[in-house]
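In what follows, a structure is listed as structure tokens, so that the remarks can point back to it.
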Protein chains: 2
Amino acid sequence: MLSIGVLAKRTGTKVQTVRYYEQIGLMPEAERSAGGQRRYATAQLDRLAFIRHARQLGFSLEAIRELLDLSDSPERSCAEVDAVARRQLSEVEARLARLEALRGELQRMIGECHADRVADCRILEVLRDHEECLSDHGAPQP
Amino acid sequence: MLSIGVLAKRTGTKVQTVRYYEQIGLMPEAERSAGGQRRYATAQLDRLAFIRHARQLGFSLEAIRELLDLSDSPERSCAEVDAVARRQLSEVEARLARLEALRGELQRMIGECHADRVADCRILEVLRDHEECLSDHGAPQP
DNA sequence: CTTGAAGCTACACCCGCTGTAGGTCCCATA
DNA sequence: TATGGGACCTACAGCGGGTGTAGCTTCAAG
């Protein structure tokens with residue numbers, strides 16, 4: 001049985017984060033030692049590793065909850081898992097497109113400014129005057 | 001003089017957000033009508049438009065605060081403005097690189113799975129077993 | 001003068017944690 | 001076996017960047 005500290009270290013998680021995952025029901029309620037400290041078996045280590053890895057791939061906690069539920073019912077169709085992963089991929093692709101547009105805009109803005117004084121700065125001018133903006137980017141990225 | 005609703009609509013902001021910007025000191029305290037409602041002059045409209053545009057380009061509120069301060073002192077060197085913009089550009093580029101790596105990982109994961117049942121799903125397998133991961137991505141993206 | 005939209009304040013909530021305060025437990029060493 | 005100090009506990013506040021709600025008041029058109 002592992003303490004929360006060892007569990008956290010082995011999965012690259014902070015101790016508070018493990019407790020937070022328990023609190024929101026992503027990790028099951030841990031067994032306790034006689035003195036009330038959390039004790040974990042290997043199954044919990046695997047579960048936490050799964051969660052961290054999925055987080056690193058940008059999955060939301062909600063998506064991870066879904067994936068964990070699916071992985072608990074091995075006879076179900078894999079299509080649902082596929083759908084969650086594809087949804088995640090398309091979110092990543094959307095963010096990429098947006099960031100690429102932003103990069104272009106920033107590069108243009110920076111490239112245009114050859115002034116010395118703030119008064120003549122093209123960067124501030126572009127920011128001040130929305131009309132000079134090539135595109136409307138919608139909401140700021142998440 | 002404009003009401004907060006008109007100001008918000010003209011800049012594509014929510015009314016609450018305008019009040020929030022005032023609360024955190026990004027917008028100055030507004031003048032008030034006899035009955036206590038906020039009233040805005042054109043200068044405030046410009047300021048809010050500047051803020052919104054910078055937000056669309058992904059600048060943080062802190063960076064925007066800095067840019068607004070700089071633009072208030074037109075005799076200062078433009079280099080500082082340039083630095084803020086370049087910092088923002090490199091942040092965007094870092095996020096792009098990270099998202100491109102994620103996209104690759106997700107594509108690979110999805111591409112590998114040809115199973116029917118969850119029990120044989122490659123996607124879940126990859127998520128379960130960190131060793132199969134091509135790279136360590138560090139923290140989840142912001 | 002009425003009425004209903006728009007404004008006001010104050011507060012809670014979203015995500016995904018992170019940090020703190022003030023106390024308790026565990027276990028290696030003396 | 002006693003002790004010290006790290007690791008653990010709960011409870012709660014805070015981050016960024018807003019958004020939503022409740023329960024009022026004000027404004028302006030008809």
For B/Arg10 and C/dA6, what is the distance between atoms CZ and C1' respectively, to the nearest whole Å?
16 Å
Return the polar atom pairs (N/O with N/O) between nucleotides 19-21 of chain C and the protein under 3.5 Å, or none.
{"unit_1": "C/dG19", "atom_1": "OP2", "unit_2": "A/Lys14", "atom_2": "NZ", "d": "3.4"}
{"unit_1": "C/dG19", "atom_1": "N7", "unit_2": "A/Gln16", "atom_2": "NE2", "d": "3.2"}

Side chain to side chain contact (heavy atoms under 4.5 Å, CB included) with B/Ser33: which residues, sequence neighbours excluded?
B/Gln37, B/Arg39
With sugar-phosphate meaning primed atoms plus P, OP1 and OP2, does A/Tyr21 contact a base, only sugar-phosphate, or nothing at under 4.0 Å between heavy atoms?
sugar-phosphate
Check DNA chain C against residues 24-32 of chain B and give the residues with a non-hydrogen atom under 4.0 Å, in numerical order.
B/Arg32
Could you list the residues that satisfy side chain to side chain donor-acceptor pair (under 3.5 Å) with B/Arg76, not counting sequence neighbours?
B/Glu80
Roughly how many Å is it from CD in A/Gln23 to C1' in D/dA13, rounded to a whole number?
13 Å
Residues that A/Glu29 engages under side chain to side chain donor-acceptor pair (under 3.5 Å), provided they are two or more places apart:
none
Could you list the residues that satisfy side chain to side chain donor-acceptor pair (under 3.5 Å) with A/Tyr21, not counting sequence neighbours?
A/Arg52
Among the nucleotides D/dC8, D/dG18, C/dC8, whichever has the atom closest to the side chain of B/Arg55 is D/dG18
Please, which pairs that meet salt bridge (charged side-chain N to carboxylate O under 4.0 Å, His left out) have at least one residue in residues 41-50 of chain A, sequence neighbours excluded?
none
Sequence neighbours excluded, which residues qualify as side chain to side chain contact (heavy atoms under 4.5 Å, CB included) partners of A/Arg65?
A/Ile24, A/Leu26, A/Glu62
List every contact pair, protein side and nucleotides 24-28 of chain D side both N or O, where the distance is under 3.5 Å.
{"unit_1": "D/dC27", "atom_1": "OP1", "unit_2": "B/Ser33", "atom_2": "OG", "d": "2.9"}
{"unit_1": "D/dC27", "atom_1": "OP1", "unit_2": "B/Gly35", "atom_2": "N", "d": "2.8"}

With a 3.5 Å cut-off and sequence neighbours excluded, list the donor-acceptor pairs that the side chains of residues 5-12 of chain B form with protein atoms.
{"unit_1": "B/Thr11", "atom_1": "OG1", "unit_2": "B/Leu7", "atom_2": "O", "d": "2.9"}
{"unit_1": "B/Thr11", "atom_1": "OG1", "unit_2": "B/Ala8", "atom_2": "O", "d": "3.2"}
{"unit_1": "B/Thr11", "atom_1": "OG1", "unit_2": "B/Thr13", "atom_2": "OG1", "d": "2.7"}

Under the side chain to side chain donor-acceptor pair (under 3.5 Å) test, which residues partner A/Glu31, sequence neighbours left out?
none
Taken to the nearest whole Å, CE/A/Met1 to C1'/C/dC27 is 18 Å
Report yes if at least one side-chain N or O of A/Arg38 is closer than 4.0 Å to OP1 or OP2 of D/dT10; otherwise report no.
yes
Could you state the CD1-P distance from B/Ile4 to D/dT19, rounded to the nearest angstrom?
13 Å
Which pairs with one or both residues in residues 85-94 of chain B pass salt bridge (charged side-chain N to carboxylate O under 4.0 Å, His left out), sequence neighbours excluded?
B/Glu66-B/Arg87, B/Asp82-B/Arg86
Does A/Tyr20 place a side-chain N or O at less than 4.0 Å from the phosphate oxygens OP1/OP2 of C/dC15?
no
Is there a donor-acceptor pair closer than 3.5 Å between any side-chain N or O of A/Gln88 and the backbone N or O of A/Leu57?
yes
Options D/dG18, D/dC8, C/dC17, nucleotide nearest the side-chain atoms of B/Thr17
D/dG18
